[in-house]
Amino acid sequence: MVAPRSGTVRFLGHNIAGAGPDRVVRAGMIQVPQGREVFASMTVRDNLEMGAATRRGGAAIRHDIEDIYELFPRLGEKRRALAGALSGGEQQQVAIGRALMAKPGSC
């Protein structure tokens, strides 16, 4: 997210150096924060929905959320829990699931 002082940053053949986060996500690249950085006061499900913020199609998004719950069964059990109340490992699962909801690489 920081513009390089020199050179380029290429992703799928396009220079994304200095591109805004929205453009980078739309290009198909996502970031999973190392420190988890979940939306603590939101539920697990709400966090996953935030990952799909640039997408359209409610049915597909709901299907993908269910896929995340299959990938991380604990999140399915905790779907209504506040993300900030989860363990560190569970929060990391939320962060990964939220990133996957953007459908990286599908552009």
Side-chain angles (χ1 to χ4, degrees):
M1 300 292 107
V2 176
R5 292 178 192 229
S6 64
T8 61
V9 177
R10 300 192 71 73
F11 178 69
L12 298 176
H14 300 283
N15 181 11
I16 61 168
D22 59 325
R23 183 172 159 226
V24 173
V25 169
R26 283 190 180 93
M29 182 184 288
I30 51 148
Q31 176 186 15
V32 178
Q34 182 176 345
R36 298 180 298 274
E37 298 188 28
V38 297
F39 296 103
S41 62
M42 295 171 62
T43 66
V44 167
R45 183 174 182 94
D46 290 341
N47 269 266
L48 296 177
E49 288 176 354
M50 289 297 292
T54 61
R55 296 176 52 195
R56 303 226 188 289
I61 290 170
R62 287 188 296 277
H63 178 268
D64 291 344
I65 288 174
E66 292 304 317
D67 285 348
I68 298 298
Y69 293 153
E70 285 183 33
L71 183 62
F72 300 115
R74 188 73 173 149
L75 296 186
E77 295 169 11
K78 301 262 185 162
R79 68 184 74 201
R80 291 185 184 94
L82 295 180
L86 302 177
S87 72
E90 291 166 340
Q91 287 183 18
Q92 191 64 44
Q93 291 176 30
V94 171
I96 294 167
R98 185 180 62 211
L100 291 172
M101 287 299 298
K103 299 300 275 188
S106 65
C107 300

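None of the values given here were measured: they were computed from a predicted structure.
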Colleague: Are Val38 and Leu71 co-members of a hydrophobic cluster defined by side-chain heavy atoms under 4.5 Å apart?
Modeller: yes

Colleague: If you round to the nearest 0.5 Å, how far is CZ of Arg98 from CD1 of Ile68?
Modeller: 12.0 Å

Colleague: Rounded to the nearest 0.5 Å, how far apart are CZ of Arg79 and CD of Glu66?
Modeller: 5.0 Å

Colleague: Would Ile61 and Ile96 show up in the same hydrophobic cluster when neighbours are defined by side-chain heavy atoms closer than 4.5 Å?
Modeller: yes

Colleague: Looking at Lys78 and Val44, what are the two nearest heavy atoms and their distance?
Modeller: O-CG2, 3.3 Å

Colleague: Can you tell me which residue among Gln92, Arg74, Gln91 is in a side chain to side chain contact (heavy atoms under 4.5 Å, CB included) with Leu86?
Modeller: Gln91

Colleague: Under 3.5 Å, is there a donor-acceptor pair between the side chain of Asn47 and the main chain of Phe39?
Modeller: yes

Colleague: Does Ala53 have any side-chain contact (heavy atoms from CB on, under 4.5 Å) partners at least two apart in sequence or in another chain, and if so, which?
Modeller: none

Colleague: I need the Leu100 CG to Asp64 CG distance, nearest 0.5 Å.
Modeller: 9.5 Å

Colleague: State whether the side chain of Arg55 and the backbone N or O of Met101 hold a donor-acceptor pair below 3.5 Å, judged by distance alone.
Modeller: yes

Colleague: Please tell me whether Met42 and Val32 are part of a single hydrophobic cluster in this structure, the criterion being side-chain heavy atoms less than 4.5 Å apart.
Modeller: no

Colleague: Check side-chain contact (heavy atoms from CB on, under 4.5 Å) between Arg23 and all other residues, then give those that pass, not counting sequence neighbours.
Modeller: Ala19

Colleague: In Å, rounded to the nearest 0.5 Å, how long is the span from CG of Leu48 to CG of Asp67?
Modeller: 11.5 Å

Colleague: Nearest 0.5 Å, what's the CE-NE2 distance between Met29 and His14?
Modeller: 11.5 Å

Colleague: Rounded to the nearest 0.5 Å, what separation is found between the CD1 atom of Ile65 and the CD atom of Glu70?
Modeller: 13.0 Å

